[in-house]
K.L.:
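Here it is, the structure, as structure tokens.
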Amino acid sequence: MKSVAHEIAAKITGKVKLQEPLKNHTSFRIGGPADLYVEVHNVKELVFVLSLLQQKGIPWFILGNGTNLLVHDQGYRGTAIRLQGAFKEINVNGLMLEAGAAVPLTVLAQRANSQGLSGLTFACGIPGTVGGAVVMNAGAHGRSISDVLVDVQILDSSLELHTYQASELGLNYRKSKISPSEIICFARFQLEVGDKIELERQSRDYLEFRRNRQPRQPNAGSIFKNPPGTTAGSLIEAAGLKGYRVGGAMISDIHANFIVNCQQATAQDVMTLIMIVREKVARQFGIELELEVRLLGY
Ligand SMILES: Cc1cc2nc3c(=O)[nH]c(=O)nc-3n(C[C@H](O)[C@H](O)[C@H](O)COP(=O)(O)OP(=O)(O)OC[C@H]3O[C@@H](n4cnc5c(N)ncnc54)[C@H](O)[C@@H]3O)c2cc1C
């Protein structure tokens, strides 16, 4: 891996690190090291890194803001690739916002507000990147990315950029059919004319709503998807698991669909809680909870 790291570092401008602890890159603050961690600043660097990794048979994945990830305590035997530079740019084109995949969703929503563009206020408190939000079809307050996404530019496994319409991505409740070998590089969003003051007021309300209903300790957002007709949080609470603890991890006593890292939790602590929740909810309510959080290194 050392020689691959040297080869990459000689060709690109971004950081290249060996054995980088992924807990430093996840909102859970949990996760062992990635064998290699690489930051790329443009499509050319990305293509170079991917072709080298493909040639060497080294697995890789794209790390967004790590806000929907549970990484194994032993880490990831491959390369974590983070998009930077050109992938962090935003362009406004009339009612259209064009954003790189590494733009934080919160920054994109603020930019829309400041331009008087409506349609993205729901995203003002979602801590992921544009890329992660498209893959997950992130949403809140009854709206989701699919409501405003026009198209995306994806780098596929043959290392070519293709444009896909939003309707081709299989976007549904917290899922898409974008495969792990496809990398979202850029996305375009169609917005509407809005009133800046009203957009800012609505954003403040949404942020206040989160402050009151979501825990402050490190977490990865909702652990489970809501089953049809109910919420995962209400089922977990009804199963009597609010505040239940394993090691350093706890089912939040503020919102039962959040697991919080309250004292140096391990990924194993979180997995044990996940299994306990699933088993109890299935036994009591006959409902199989599906994970929303993505697992890495398992
Ligand atoms: C406090 C908190 C609140 C949250 N609230 C919400 C909410 O209200 N609604 C909601 O939907 N989610 C919420 N989340 C979850 C999370 O923010 C979203 O799922 C977000 O979309 C994940 O983006 P990310 O950049 O952090 O992705 P990561 O967690 O880094 O990655 C998630 C997946 O996307 C893939 N990925 C990331 N970028 C790319 C790319 N460019 N190309 C291809 N694949 C990529 C990764 O490989 C991984 O499989 C919350 C999380 C936290 C911690």
Side-chain angles (χ1 to χ4, degrees), residues 22 25-31 34 40 43 46 50 59-71 76 78-84 86-88 99-109 120-147 149 152-157 161 164 169 171-187 206-207 209-211 213-226 231 233 252 254-255 257-261 291-298:
L22 289 175
H25 301 278
T26 62
S27 54
F28 241 149
R29 301 281 169 257
I30 292 175
V40 294
V43 174
L46 179 59
L50 290 171
W60 56 268
F61 84 101
I62 299 291
L63 176 65
N65 272 348
T67 62
N68 198 46
L69 281 184
L70 177 63
V71 181
Y76 176 66
T79 302
I81 301 176
R82 186 154 229 179
L83 308 179
Q84 299 282 352
F87 299 107
K88 286 199 139 172
V103 171
L105 215 50
T106 50
V107 171
L108 190 72
L120 272 169
T121 45
F122 77 88
C124 66
I126 303 179
T129 59
V130 163
V134 172
V135 168
M136 297 304 301
N137 191 21
H141 314 288
R143 306 263 297 163
S144 60
I145 285 294
S146 55
D147 294 326
L149 185 68
V152 290
Q153 278 183 270
I154 286 183
L155 192 75
D156 65 16
S157 50
L161 266 186
Y164 292 90
L169 303 176
L171 297 174
N172 228 304
Y173 172 60
R174 302 297 171 268
K175 68 174 181 198
S176 66
K177 58 174 199 193
I178 298 162
S179 82
S181 65
E182 295 178 311
I183 302 176
I184 298 171
C185 293
F186 306 99
Y206 286 159
L207 291 172
F209 179 86
R210 278 175 194 271
R211 269 193 293 275
R213 313 236 177 152
Q214 292 183 358
R216 306 263 161 110
Q217 300 106 315
N219 65 74
S222 297
I223 294 290
F224 300 101
K225 294 186 186 186
N226 289 327
T231 65
S252 165
I254 295 174
H255 189 316
N257 196 19
F258 280 57
I259 291 178
V260 293
N261 174 359
L291 275 186
E292 177 167 324
V293 78
R294 293 205 168 184
L295 305 178
L296 183 71
Y298 284 87

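Counting convention: from 1, in listed order, for ligands and their atoms alike. Since this is a predicted model, take the numbers as computed values, not measurements.
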K.L.:
Is the number of heavy atoms from other residues, nucleotides or ligands within 6.0 Å of CZ (Arg211) greater than 12?
P.N.:
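It does: Arg211 CZ has more than 12 such atoms within range.
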
K.L.:
Is it the side chain, the backbone, both or neither of Glu182 that has a heavy atom closer than 4.0 Å to ligand 1?
P.N.:
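Backbone only.
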
K.L.:
Side chain, backbone, both or neither: which part of Val135 has a heavy atom under 4.0 Å from ligand 1?
P.N.:
side chain

K.L.:
Which is closest to atom 9 (N) of ligand 1 in terms of heavy atoms, Gly139, Ala138, Ala140?
P.N.:
Gly139

K.L.:
What about Ala101: any of its N or O atoms under 3.5 Å from an N or O on ligand 1?
P.N.:
no

K.L.:
Assign the ring pair Tyr76 / Phe61 to parallel, tilted or perpendicular, where the plane angle (0 to 90°) is split at 30° and 60°.
P.N.:
perpendicular

K.L.:
Check each of Ala123, Pro215, Pro104, Gly128 against atom 23 (O) of ligand 1 and report the one with the nearest heavy atom.
P.N.:
Gly128

K.L.:
At their closest point, which heavy atom of Ile184 faces which heavy atom of Ala101, and how far apart are they?
P.N.:
O-CB, 3.0 Å

K.L.:
Does Ser27, backbone or side chain, put an N or O under 3.5 Å from an N or O of ligand 1?
P.N.:
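No, Ser27 has no N/O under 3.5 Å of an N/O on ligand 1.
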
K.L.:
Is it the side chain, the backbone, both or neither of Ala220 that has a heavy atom closer than 4.0 Å to ligand 1?
P.N.:
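The answer is the backbone of Ala220.
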
K.L.:
Within the 4.0 Å heavy-atom shell around Met136, which atoms of ligand 1 are there?
P.N.:
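Contacts of ligand 1 toward Met136, numbered from 1: 19 (O).
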
K.L.:
Please work out, at 4.0 Å between heavy atoms, whether the side chain, the backbone, both, or neither of Asn219 comes within that distance of ligand 1.
P.N.:
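The part of Asn219 near ligand 1 is both the backbone and the side chain.
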
K.L.:
Do Arg210 and ligand 1 have an N or O pair less than 3.5 Å apart?
P.N.:
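It does: an N or O of Arg210 is found under 3.5 Å from an N or O of ligand 1.
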
K.L.:
Taking the ring centre of each residue, are Phe122 and Tyr206 less than 6.0 Å apart?
P.N.:
no

K.L.:
Are any of the N/O atoms in Ala133 less than 3.5 Å from those in ligand 1?
P.N.:
yes

K.L.:
Would you tabulate the side-chain donor-acceptor contacts of residues 176-183 under 3.5 Å, counting partners in other chains and residues two or more places apart, or write 'none'?
P.N.:
from	atom 1	to	atom 2	distance (Å)
Ser176	OG	Val135	O	2.8
Ser176	OG	Ile178	N	3.4
Lys177	NZ	Glu168	O	3.4
Ser179	OG	Ser181	N	3.3
Ser179	OG	Ser181	OG	3.0
Glu182	OE1	Ser179	N	3.0

K.L.:
Between Leu69 and Leu63, is there a side-chain heavy-atom distance shorter than 4.5 Å?
P.N.:
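Yes, close enough: below the 4.5 Å cut-off.
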
K.L.:
Is there a polar contact, in the sense of an N or O pair closer than 3.5 Å, between Phe258 and ligand 1?
P.N.:
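Between Phe258 and ligand 1 (N or O atoms, distance only) the closest approach is not under 3.5 Å.
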
K.L.:
Indicate yes or no: at least one non-hydrogen side-chain atom of Leu149 is less than 4.5 angstrom from one of Asn137.
P.N.:
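With C-beta onward as the side chain, the pair stays apart.
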
K.L.:
Under the salt bridge (Lys or Arg N to Asp or Glu O under 4.0 Å) test, which residues partner Arg174, sequence neighbours left out?
P.N.:
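Counting only residues at least two positions away or on another chain, Arg174 forms a salt bridge (Lys or Arg N to Asp or Glu O under 4.0 Å) with Glu292.
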
K.L.:
Taking only heavy atoms of Gly221, which atoms of ligand 1 are found under 4.0 Å from at least one of them?
P.N.:
2 (C), 50 (C), 51 (C), 52 (C), 53 (C)

K.L.:
Compute the shortest N/O to N/O distance between Asn65 and ligand 1 and return yes if it is under 3.5 Å, no if not.
P.N.:
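Such a contact does occur with ligand 1.
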
K.L.:
Might you point out which heavy atoms bring Ser27 and Pro218 nearest each other, and give the distance in Å?
P.N.:
O-CB, 3.3 Å

K.L.:
Would one find an N or O of Arg294, backbone or side chain, under 3.5 Å from an N or O of ligand 1?
P.N.:
yes

K.L.:
Is Ile62 close to ligand 1, meaning an N/O of one under 3.5 Å from an N/O of the other?
P.N.:
yes

K.L.:
From atom 20 (C) of ligand 1, work out which of Thr106, Leu46, Thr67 has a heavy atom at the shortest distance.
P.N.:
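Looking at heavy atoms only, Thr67 sits closest to atom 20 (C) of ligand 1.
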
K.L.:
So does Lys175 have more than 12 non-hydrogen atoms from other groups sitting under 6.0 Å from NZ?
P.N.:
no

K.L.:
If you measure from each non-hydrogen atom of Asn68 to ligand 1, which part falls under 4.0 Å: side chain, backbone, both or neither?
P.N.:
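Looking at Asn68 and ligand 1, atoms from backbone and side chain both fall under 4.0 Å.
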
K.L.:
What are the two closest heavy atoms between Arg210 and Ala140, and how far apart are they?
P.N.:
NH2-CB, 3.6 Å

